[in-house]
Amino acid sequence: MTFSDLGLSPKVLSAVTDAGYTQPTPIQAGAIPHALLGKDVLGIAQTGTGKTASFVLPMLTRLEKGRARARMPRTLILEPTRELAAQVEENFVKYGKNHKLNIALLIGGVSFDEQDKKLERGADVLIATPGRLLDHRERGKLLLNGVEILVIDEADRMLDMGFIPDIERICEMIPFTRQTLFFSATMPPEITKLTEKFLHAPVRVEVSKAASAATNITQRLVKSGSKPWDKRETLRNLMKAEDAELKNAIIFCNRKVEVSELFRSLLKHDFDAGALHGDMDQRARMQMLANFRDGKLRYLVASDVAARGLDIPDVSHVFNYDVPIHAEDYVHRIGRTGRAGRSGKSFTIATKSDTKYIDAIERLIGNKIEWHDGDLSTVVASEGGEDDAPRRGKGAPRRAGRKDEDRKVRGERKKGGERRARHGEEDASSVVAEQEQPDVAQTAVADISERRARKEAIRSENTERKSSDRNEQRAPERGDTRPQRDNSRPARHRHQEDNDTTVGFGDDMPAFMRIVAKV
DNA sequence: AAAAAAC
């Protein structure tokens with residue numbers, strides 16, 4: 001079976017060939033012929049199975065006929081996260097290089113202006129996260145009754161994220177005559193109900209994933225004391241020990257604050273690290289990811305926003321700074337390494353309180369994970385020692401110093417207990433970034449949240465001048481999860497970083513995918 | 001014990 005057997009147009013085939021692919025993955029072989037015939041498809045597949053191309057390629061073929069009208073996109077792809085949406089856009093650019101298509105990416109955290117312009121011009125392909133899409137519609141900038149093909153991607157994840165009501169609303173805005181391509185890794189009852197409601201006689205294409213994680217990933221548990229400084233020290237030792245083998249690594253934390261804390265700590269220890277989590281402003285998110293992909297950053301500290309779907313080829317190591325609470329996340333996280341049949345290594349830092357989560361993970365993958373250097377019974381409670389601490393006065397008692405340091409690493413945020421406004425994203429910080437690094441502010445997208453933040457900053461300056469906490473919070477800080485430290489590098493447009501292994505097929509096909517393809 | 005997503 002080759003791509004030329006699937007019925008794709010010459011333009012699409014040529015782009016696929018240029019990208020170096022000849023053999024479709026099971027999901028592609030199963031879905032593409034039906035999608036080309038205009039049938040609804042229910043694809044049950046994980047990310048990394050070549051799922052994206054299984055809708056991008058037939059859509060491109062079908063889009064060759066007809067033209068888009070202003071504000072009336074011809075196709076719509078819904079994605080749960082901004083990064084995934086951007087990644088799908090990259091795929092359209094890559095495989096649509098022989099087409100003249102207008103592609104619009106509607107995601108939060110960036111300016112409306114550019115998105116409006118693209119809608120106005122008429123989008124052949126509209127890729128969106130649900131919130132921003134609905135926002136545009138409510139502003140009257142978008143009509144969905146011209147949509148011919150609707151793609152709902154990662155439906156089960158949308159369910160986890162509470163997007164289903166939004167998805168239903170959007171589905172109801174699009175004519176019945178549309179074609180719907182629906183993808184989900186799992187089929188919980190809510191998702192089945194959704195497919196019954198919105199799909200018409202779908203062809204079911206299922207790629208079963210082996211229950212256990214790929215065998216080319218070496219997995220180890222690493223014992224650690226449970227205090228943050230213990231865990232950071234454990235991690236650093238591990239990173240140093242693996243240095244020779246380590247090309248690049250993603251370090252997963254369970255919480256966004258932990259991402260920030262660990263990131264700052266690693267910087268302090270001169271590790272070449274970036275950070276990625278959902279409360280960072282969009283420019284910083286994009287830039288961190290691009291820099292990591294380009295090899296400008298060796299380590300990426302991330303929340304589970306990076307656990308699924310994101311295509312970062314050739315990560316040599318995954319470290320779980322925290323044991324994931326949901327066993328499934330473990331499989332997704334370590335699946336960021338060992339791609340393309342390469343070998344990968346994953347280390348999971350475990351403390352005494354993690355045992356029940358480890359048990360659940362081992363049950364899910366059907367295997368015991370080996371301990372790297374003895375199990376938790378040999379762990380000693382932490383007392384004193386050096387961590388991130390810069391030099392302190394001699395007299396300072398060690399324990400207190402540690403805690404003090406820990407708070408320092410955590411940043412001033414802890415002090416005032418102030419909480420950042422939810423929708424201001426990283427609020428005033430982007431203003432700081434702008435003042436400090438005008439070059440980036442110029443090249444970066446004009447960010448509406450930045451303008452809001454600026455207003456917010458001015459207002460709080462007027463009303464809360466007395467509060468030193470407040471002022472401190474706005475002070476520039478090197479070790480923040482915000483873009484400051486990378487601002488010296490010009491922002492690159494996402495189209496320029498053309499990873500040639502964006503879709504999980506060809507030589508990037510994980511072993512588990514070859515197992516079954518039921519059509 | 002979390003994360004994600006509009007402003």
Side-chain angles (χ1 to χ4, degrees), chain A residues 47 78-87 105-113 115-116 127-142 152-170 185 226-228 231 250-262 275-282 285 289 301-310 320-330 332-333 349-358 360-361 420-427 430 447-456 481:
Chain A
T47 40
L78 292 172
E79 294 290 334
T81 68
R82 298 171 187 175
E83 275 75 13
L84 279 175
Q87 198 169 284
L105 178 65
L106 304 190
I107 58 173
V110 294
S111 152
F112 279 90
D113 300 351
Q115 296 178 359
D116 280 342
I127 304 151
T129 46
R132 182 56 72 99
L133 181 93
L134 289 169
D135 207 344
H136 274 282
R137 212 193 94 95
E138 274 153 28
R139 288 155 33 111
K141 298 285 186 186
L142 177 61
I152 296 164
D153 198 14
E154 305 258 336
D156 51 351
R157 201 170 170 205
M158 302 244 204
L159 173 73
D160 289 344
M161 291 166 63
F163 280 167
I164 296 304
D166 287 347
I167 299 301
E168 290 187 314
R169 270 180 71 200
I170 295 166
S226 53
K227 299 295 183 202
K231 292 178 77 169
I250 305 181
I251 303 161
F252 284 104
C253 302
N254 283 359
R255 280 174 290 208
K256 288 177 281 201
V257 280
E258 282 178 325
V259 172
S260 299
E261 289 168 23
L262 180 59
L276 186 69
H277 66 71
D279 275 358
M280 290 163 59
D281 78 32
Q282 193 57 27
R285 282 169 70 163
L289 194 56
V301 187
S303 69
D304 279 314
V305 70
R308 304 194 202 190
L310 279 196
N320 286 314
Y321 178 76
D322 296 307
V323 179
I325 294 164
H326 294 301
E328 281 172 28
D329 289 335
Y330 176 82
H332 289 296
R333 287 181 182 185
I349 296 176
T351 70
K352 285 196 168 136
S353 50
D354 293 324
T355 13
K356 64 172 182 245
Y357 300 114
I358 293 166
I361 290 166
R420 190 160 275 135
R422 185 65 184 88
H423 28 259
E425 305 245 324
E426 293 286 69
D427 61 63
S430 22
D447 189 335
I448 203 165
S449 66
E450 254 175 40
R451 267 181 270 132
R452 288 172 55 94
R454 199 176 302 126
K455 274 191 226 155
E456 186 66 40
T481 37

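By convention in this document, chain letters (A, B, ...) are assigned in the order of the sequence lines, proteins followed by strands, and residues within each chain are numbered from 1.
Distance from the side chain of A:Asp354 is smallest for B:dA1 among the nucleotides B:dA6, B:dA4, B:dA1. Nearest to the side-chain atoms of A:His326 among the listed nucleotides B:dA2, B:dA4, B:dA6 stands B:dA2. Closest to the A:Lys256 side chain, of the nucleotides B:dA3, B:dA1, B:dA2, is B:dA3. Closest to the A:Asp135 side chain, of the nucleotides B:dA1, B:dA4, B:dA6, is B:dA6.
The base of B:dA3 lies outside donor-acceptor range of the side chain of A:His277, with no N or O pair under 3.5 Å.
Spacing between atom CG of A:Leu133 and atom P of B:dA6 amounts to 10 Å, rounded to whole angstrom units. In this structure, A:Phe163 atom CZ and B:dA3 atom C1' are separated by 11 Å, rounded to whole Å. In this structure, OH of A:Tyr321 is placed 18 Å from P of B:dA1, rounded to the nearest angstrom. Rounded to a whole Å, the CG atom of A:Asp281 is 13 Å from the P atom of B:dA5. Protein atom CG of A:Leu84 is 13 Å distant from nucleotide atom P of B:dA4, rounded to whole Å. Following rounding to the nearest Å, A:Ile107 (CD1) and B:dA5 (P) show an atom-to-atom distance of 9 Å. B:dA3 atom P lies 17 Å from atom NE2 of A:His332, rounded to whole Å. Rounding to whole angstrom units, CD1 of residue A:Ile167 and C1' of B:dA6 are separated by 14 Å.
Remark: A:Ser303 is in phosphate contact with B:dA4, judged by side-chain N or O atoms under 4.0 Å from OP1 or OP2. Residue A:Thr129 has a polar side-chain atom (N or O) positioned under 4.0 Å from OP1 or OP2 of B:dA6. A close approach under 4.0 Å does occur between a side-chain nitrogen or oxygen of A:Arg82 and OP1 or OP2 of B:dA6. Put simply, A:Arg333 has no side-chain N or O that comes within less than 4.0 Å of OP1 or OP2 on B:dA3.
The main-chain N or O of A:Glu79 is never found under 3.5 Å from a side-chain atom of A:Glu154 such that the two would form a donor-acceptor pair. Of the possible donor and acceptor atoms, one in the side chain of A:Ser303 sits under 3.5 Å from a partner among the backbone N and O of A:Val305.
Classification of A:Arg255 and A:Asp322 as a salt-bridged pair fails, no side-chain N sitting under 4.0 Å from a carboxylate O. A salt bridge does not link A:Arg157 with A:Glu328: none of the charged nitrogens is closer than 4.0 Å to a carboxylate oxygen.
Residues A:Val259 and A:Met280 fail the side-chain proximity criterion, which asks for heavy atoms closer than 4.5 Å.
At the heavy-atom level, A:Asp322 lies nowhere under 4.0 Å from the strands shown.
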